[in-house]
Engineer: 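Please find one structure pasted underneath; my questions will follow.
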Amino acid sequence: MLMIETNTNESWSIYSISDQKVFFKHCASRKTLRNNIYSWTFGFTNNQLEQIKPGVSLALICASKEMKDKNTGICFIEKEISNKIFSENSKTITIHLQPGCSYKISSKAIKGKISIPQNAIDKFALT
C-alpha cells in the first residue's frame, strides 16, 4: 500500500492499493432518523473533488462518536459510481443505513439513491 501526498496543508487521504486509488474520508456526526435509519453527510472541498475526478474509489467511514457502536462501517464506492455522484453543483453526498440493509447514497448529481452493499469493501478486487 502506498500513500499519495495530495497537499501538505491537508491530511493525506488517497492511497494507492495494488495500482488502484482509494480516497478515504470519515464522518462521526451520525444522525438518527425515523425508523432507526442512520444518516451521514460527507462534504468535499474543491481540491478533494479534483483528486476524486480521475476515477478514484471512495471508502467513506460512517461512524458515530461512540466508536464501538455496531452501526458503523465503511461504505465502499467503486470508481465507476464515484464518477457519477459529483457535479459542479454537488459537493456533498449523504449516506443512509437501515440496520441489516445496504447503504443508500444520494447527492444532487443523481436522481434517486444508489444502493451499496455493506460488504462492498470485502469484494474490492486487488489486482
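None of the values given here were measured: they were computed from a predicted structure.
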Engineer: Where do Asn36 and Pro99 come nearest, in terms of heavy atoms and distance?
Structural biologist: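 Nearest pair, atom of Asn36 first, then Pro99: O-CD, 3.2 Å.
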Engineer: Any chance you could measure Gln118, atom CD, to Cys75, atom SG, to the nearest 0.5 Å?
Structural biologist: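 Separation between the atoms: 9.0 Å.
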Engineer: Take Lys104 and Ser115, measure what side chain to side chain donor-acceptor pair (under 3.5 Å) needs, and give me the verdict at the end.
Structural biologist: CA-CA 5 Å; Lys104 306 289 185 207; Ser115 184; 3.3 Å; yes
Engineer: Would you confirm whether Lys25, through its side chain, and Gly43, through its main-chain N or O, come within 3.5 Å as a donor-acceptor pair?
Structural biologist: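 Judged by distance alone, yes, a pair lies under 3.5 Å.
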Engineer: First locate atom OG1 of Thr45, then atom CD of Glu50, and finally report the distance between them rounded to the nearest 0.5 Å.
Structural biologist: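 Answer for the OG1-CD pair, Thr45 versus Glu50, is 9.5 Å.
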Engineer: To the closest 0.5 Å, what do you measure between OG (Ser82) and CG (Leu60)?
Structural biologist: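 If I round to the nearest 0.5 Å, the distance is 9.5 Å.
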Engineer: Measure the acute angle between the ring planes of Phe86 and Phe44, then classify it against the limits of 30° and 60° as parallel, tilted or perpendicular.
Structural biologist: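 Aromatic pair Phe86/Phe44 classed perpendicular.
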Engineer: Can you check whether Phe76 reaches Glu78 side chain to side chain, under 4.5 Å on heavy atoms?
Structural biologist: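 Yes; the side chains approach each other to less than 4.5 Å.
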Engineer: Of all heavy-atom pairs between His96 and Ser106, which one has the smallest distance, and what is that distance?
Structural biologist: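 That closest heavy-atom pairing would be CE1-OG, 4.3 Å.
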Engineer: Taking all non-hydrogen atoms of both residues, which atom of Val56 and which atom of Gln51 are closest, and how far apart?
Structural biologist: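 Taking Val56 first and Gln51 second, the nearest heavy atoms are CG2-O, 3.3 Å.
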Engineer: So how far is it from Lys79 NZ to Gln20 CD, rounded to the nearest 0.5 Å?
Structural biologist: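 Here the rounded value is 5.5 Å.
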Engineer: What distance do Ile95 atom CD1 and Ser107 atom OG have between them, rounded to the nearest 0.5 Å?
Structural biologist: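 Nearest 0.5 Å value for the CD1-OG distance: 11.0 Å.
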Engineer: With heavy-atom distances below 4.5 Å as the criterion, would you say the side chains of Ile81 and Ile116 are in contact?
Structural biologist: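 Yes, at least one pair of side-chain atoms sits under 4.5 Å.
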Engineer: Verify side chain to side chain contact (heavy atoms under 4.5 Å, CB included) between Ser64 and Tyr38, making sure each step is shown before the conclusion.
Structural biologist: CA-CA 10 Å; Ser64 70; Tyr38 302 106; over 6 Å; no
Engineer: Does Leu97 reach the side chain of Trp40, with side-chain heavy atoms less than 4.5 Å apart?
Structural biologist: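 Touching, per the 4.5 Å side-chain cut-off.
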Engineer: Would you say Asn46 and Lys91 make side-chain contact, with heavy atoms under 4.5 Å?
Structural biologist: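 With C-beta onward as the side chain, the pair touches.
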Engineer: Just how far is it from atom CG of Asn119 to atom CD1 of Ile74, taken to the nearest 0.5 Å?
Structural biologist: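 Asn119 atom CG to Ile74 atom CD1 measures 12.0 Å (nearest 0.5 Å).
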